[in-house]
Amino acid sequence: MIKKALIALPALVMSTAVMAQPYVSLGYGYNALSHDNSVAFSDGTSLTPDSSDSIWSGSVGYRFDNDFGLELGYRQFNADASRSKVVSVVQNTQTEDEWSADLKAKQFVVMPVYFHDVNDKLRLKGGLGLTYTKYKTTGSVSRETENEVTDTESSVSHPSISVSNGYKTENSVGLALNVGTEYEVYNGLYLGANAGFTFDDVANNTQLLGTVAYYF
């Protein structure tokens, strides 16, 4: 029996080695952001950059065996809000004031991953990990003029209104949850989709992405 076990051992090692593989993945999709950051202006206007926007992501990972892996990822997403007010229209030239607020996020993710092969082409994939996110909230207000005949435009900083509060940079640690699926369309090349959720003390966001991954 010992002799049979020794004979089977190399085959087991080779099987494990075949399944262990590095991979890279790119994703792009929709992001819905929820937070309380707002930008206040000296004239009393306040804007919260909470509009939904696109998100893109990239990750490198390593699948240790049939079931488990580890990913290091990067995600980038933005949110914005704006308001405008017409000041005057003189001789086909319109002047208006425009307020804007932006939130930009750069997120780093470390995530253990679980794989489940449905068949030789289709797999399910999920993970729970940690995030480190750098948030930057900014605002601006400008006075813009547009000639409707010549279609020329100009923009300058507003002469009397400025940002009074809300311009800040924050760093936060949180949690990330991902669930998705991948389908092999060519040898090692997978197309997929996943839903992601991240939570920290600055913002919560929900992500729906299409992905492309290559397993070496």
Any chance CG of Asn119 has more than 12 other-residue heavy atoms, nucleotides or ligands included, within less than 6.0 Å?
yes
Could you tell me whether the side chain of Lys121 reaches within less than 4.5 Å of the side chain of Tyr183, counting heavy atoms only?
yes
Tracing side-chain contacts under 4.5 Å among Ile, Leu, Val, Met, Phe, Trp and Tyr outward from Leu33 reaches Ile55, Phe77, Leu103, Tyr135, Val202, Leu209
With side chains defined as the heavy atoms from C-beta onward, is the minimum distance between Leu70 and Tyr62 less than 4.5 Å?
no
Worksheet item: His35 versus Thr137: any side-chain heavy-atom pair under 4.5 Å?
Response: no
Is any side-chain heavy atom of Asn194 closer than 4.5 Å to one of Thr181? no
Using a 4.5 Å side-chain heavy-atom cut-off and chaining through intermediate ILVMFWY residues, the residues clustered with Val89 come out as Val86
Full working for side chain to side chain donor-acceptor pair (under 3.5 Å) between Ser154 and Thr145
CA-CA 5 Å; Ser154 65; Thr145 60; 2.5 Å; yes
Count the heavy atoms of every other residue, nucleotide or ligand shown that sit under 6.0 Å from CZ of Phe216, and state whether that count exceeds 12. yes
Looking only at heavy atoms, the pair that brings Thr48 and Ser38 closest together is OG1-CB, 3.5 Å
Note: Pro49 and Ala79 closest approach over all heavy atoms is O-CB, 3.0 Å
Nearest heavy-atom approach of Tyr23 to Arg63 is CE2-N, 3.9 Å
Group every Ile, Leu, Val, Met, Phe, Trp and Tyr by side-chain heavy-atom contacts under 4.5 Å, then state whether Tyr74 and Tyr28 land in the same group. yes
Side-chain touch Thr95/Arg143, heavy atoms, less than 4.5 angstrom:
yes
Rounded to the nearest 0.5 Å, the NZ atom of Lys106 sits from the CD atom of Gln76 at a distance of 5.5 Å
Measure the shortest side-chain to side-chain distance between Tyr214 and Leu189 over non-hydrogen atoms and say whether it is less than 4.5 angstrom.
-> yes
Joining Ile, Leu, Val, Met, Phe, Trp and Tyr whenever any side-chain heavy atoms lie under 4.5 Å apart, the cluster holding Val179 also takes in none
- Check whether any side-chain heavy atom of Asn187 sits under 4.5 Å from a side-chain heavy atom of Glu184, and report yes or no. yes
When every non-hydrogen atom of Ser155 is compared with those of Glu144, the smallest separation belongs to OG-CG, 3.5 Å
Glu96 meets the side-chain hydrogen bond (donor to acceptor under 3.5 Å, both in side chains) criterion, sequence neighbours left out, with none
Smallest heavy-atom separation, Ala101 atom then Leu47 atom, equals CB-CB, 3.9 Å
Taken to the nearest 0.5 Å, the spacing of Asn78 CG from Lys104 NZ works out to 4.5 Å
Correct closest heavy-atom pair for Val163 and Ser140 would be CG2-N, 4.0 Å
Here the ring-ring contact (aromatic ring centres under 6.0 Å, His included) pairs for residues 190-212, sequence neighbours left out, are Tyr190-Tyr215
Worksheet item: So, Asp43 and Arg83, do they make that salt bridge, N to O below 4.0 Å?
Response: no
Hey, are the side chains of Glu71 and Val109 touching, using non-hydrogen atoms and a 4.5 Å cut-off?
no
Distance col, row His116:NE2 vs Asn66:CG, nearest 0.5 angstrom, shows 11.0 Å
Students should find that the hydrophobic cluster of Phe68, defined by side-chain heavy atoms under 4.5 Å apart, otherwise consists of Tyr114
CE (Met111) and CG (Leu128) are apart, to the nearest 0.5 Å, by 6.5 Å
message: Main chain of Ala40, side chain of Ser164: is a donor-acceptor contact present, judged purely on distance under 3.5 Å?
response: yes
> When you measure from the side chain of Ser25 to the backbone N and O of Ser59, does any donor-acceptor pair fall under 3.5 Å?
Replying inline: no
Only one of Asp201, Thr131, Thr133 passes side chain to side chain donor-acceptor pair (under 3.5 Å) with Ser172, and that residue is Asp201
d(Glu148 CD, Glu153 CD) to nearest 0.5 Å is 10.5 Å
